[in-house]
Amino acid sequence: MKITTLFEKDKTVFSFEVFPPKKDSPIESVYEKLEDICALKPDFISVTYGAGGSGAHSRTVDIASKIKRDFHVESVAHLTCVNSTRDMIDRTLDDFRANGIENILALRGDYVDGVEPQHDFRYASELCAYIKSKGDFDVSGACYPEVHVEAADEVEDIRNLKTKVDAGAHHLISQLFFDNALFYRFLERAKIAGINVPIEAGIMPVTNKKQIERMVSLCGASLPSKFAKIMQKYENKPDALRDAGIAYAVEQIVDLIANGVDGIHLYTMNNPYVAEKITRAVENLL
Ligand code: FAD
């Protein structure tokens, strides 16, 4: 099923993100968690893609096809391009097709220390256009409510996003954020720029201190004082911090749904407990 058809219904789309295990862990190590996560029946699950070039895709393919085939939930495979040649992308697309994967989140990816970037694709928009020329995939893209870290400013970033949508991204998933007001302002900018595809809000329940420090340094999400106070108060009480992180994410989601967002994309961090708590709290509101 093409996931963009989900947005034609009168319902807030509710989707998850999972990631493959590290190279030195067996792939089976995530299957039990995935089964529990899939049992929550989100509208779809997206599977991240390792940042390196060659061979990075195989675990994404295995997991995305297992989610669809064995756990009966639609899947989306992420695909990055900056470290891949056109031939490598062709092979990956062949693999996606052979494994029944119909939906791709097309990304530029980040430059990685020690990996020589390739030059066939400079931006995600080029990958979107290429995938569209290669067959019947449904293509999504990423977007940044607080502006992508490399963009000169929000005007340039939104113009580039429009180029990506015009190149074939039928749906966008946002970077995580903790302040809904920033997301609403981003939606306004997108509308003014003529971006009319469905935009899902990326929500990450923060359940431990390390995770928040890592996420904020990587993506630059700003922390509202309300959120920072909660993290400070419970930073040395893991169970309380987890519950507070879940409660904060639920509050964000309730507000987003009330404001009519197209969808919620939950960064599950492969944690079935957290995914279940949040799903149960919001499933009657969707
Ligand atoms: P682009 O859309 O290409 O944008 C990158 C930068 O280039 C932006 O600053 C943009 O403004 C600028 N730009 C775009 N087009 C042009 C142009 N024509 N001219 C000049 N400037 C331009 N990374 C992974 O490695 N694996 C994953 O699975 C993964 N999943 C992700 C999922 C989501 C929902 C998000 C939000 C991010 C994900 N990332 C992942 C991270 C992503 O790869 C990085 O954020 C990366 O730095 C940008 O990727 P992009 O596709 O958004 O790039």
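When a ligand or atom number is given, it counts from 1 through the structure's own listing order.
Using a 4.0 Å cutoff on heavy atoms, Y267 counts as a contact of ligand 1. Not close to ligand 1: G202, with no non-hydrogen atom less than 4.0 angstrom away. Contact annotation: D110 has at least one heavy atom less than 4.0 Å from an atom of ligand 1. Residue-ligand proximity: F19 is placed with every non-hydrogen atom at 4.0 Å or more from ligand 1. Under a 4.0 angstrom heavy-atom cut-off, V147 registers as lying outside contact with ligand 1.
Considering backbone and side-chain N/O of S174, none are found under 3.5 Å from N/O of ligand 1. Geometrically, ligand 1 and R122 share no nitrogen or oxygen pair separated by less than 3.5 Å. Where the criterion is an N or O separation shorter than 3.5 Å, residue side chain and backbone included, H78 meets it with respect to ligand 1. Among the atoms of Y49, some N or O lies under 3.5 angstrom from an N or O of ligand 1.
Shown are V282, L285, I203, D262; of these, the side-chain contact (heavy atoms from CB on, under 4.5 Å) with L256 is made only by I203. When each of F178, Y144, F177 is tested with F183 by the rule ring-ring contact (aromatic ring centres under 6.0 Å, His included), just one qualifies, namely F177. Just one of S140, S174, S15 meets the side-chain hydrogen bond (donor to acceptor under 3.5 Å, both in side chains) condition when paired with E200; it is S15.
Annotation for ligand 1: atoms under 4.0 Å from non-hydrogen atoms of G109 are 43 (O), 46 (C), 47 (O), 49 (O). Those atoms of ligand 1 with a heavy atom of A142 less than 4.0 angstrom away are 35 (C), 36 (C), 52 (O). Residue-ligand proximity, D157 to ligand 1, at heavy-atom distances under 4.0 Å covers atoms 8 (C), 9 (O), 10 (C), 11 (O). The contact set between ligand 1 and L105, taken as ligand atoms under 4.0 Å from a residue heavy atom, comprises 32 (C). The atoms of ligand 1 that sit less than 4.0 Å from any heavy atom of T80 are 24 (C), 25 (O), 26 (N). Residue K164 approaches ligand 1 through these ligand atoms, each under 4.0 Å from one of its heavy atoms: 2 (O), 51 (O), 52 (O). Counting atoms of ligand 1 from 1 in the listed order, those under 4.0 Å from a heavy atom of A151 are 9 (O), 11 (O).
T207 has its side chain out of reach of M269: every pair of non-hydrogen atoms, C-beta onward, lies at least 4.5 Å apart.
For the pair Q175 (side chain) and G220 (backbone), a donor-acceptor distance under 3.5 Å is absent. Checking side-chain atoms of N103 against main-chain N and O of I3 turns up a donor-acceptor pair under 3.5 Å. The closest donor-acceptor contact from the side chain of K41 to the backbone of V73 lies at 3.5 Å or more, if one exists at all.
Counting heavy atoms only, Y123 comes closest to atom 14 (C) of ligand 1 of the residues Y111, F121, Y123.
Contacts between H148 and ligand 1 below 4.0 angstrom, taking non-hydrogen atoms only, involve the side chain exclusively. Of all the heavy atoms of T48, the ones lying under 4.0 Å from any atom of ligand 1 are found in both the backbone and the side chain. The proximity of L161 to ligand 1, defined as any non-hydrogen pair under 4.0 Å, does not occur for either the backbone or the side chain. Counting heavy atoms under 4.0 Å from ligand 1, residue H265 does not touch it at all.
Judged by distance alone, the side chains of S222 and E146 do bring a donor and an acceptor atom under 3.5 Å apart. No donor-acceptor contact under 3.5 angstrom links the side chains of H78 and T60, judged on distance only.
A continuous path of Ile, Leu, Val, Met, Phe, Trp and Tyr side chains, each step under 4.5 Å between heavy atoms, connects Y184 with I264, placing both in one hydrophobic cluster.
Cation-pi geometry between R86 and F121 is satisfied (NZ or CZ under 6.0 Å from the ring centre, within 45° of the ring normal). Annotation: cation-pi geometry not satisfied between K164 and Y123 (NZ/CZ under 6.0 angstrom from ring centroid, within 45° of ring axis).
For F7 and H171, the ring centers are positioned less than 6.0 Å apart.
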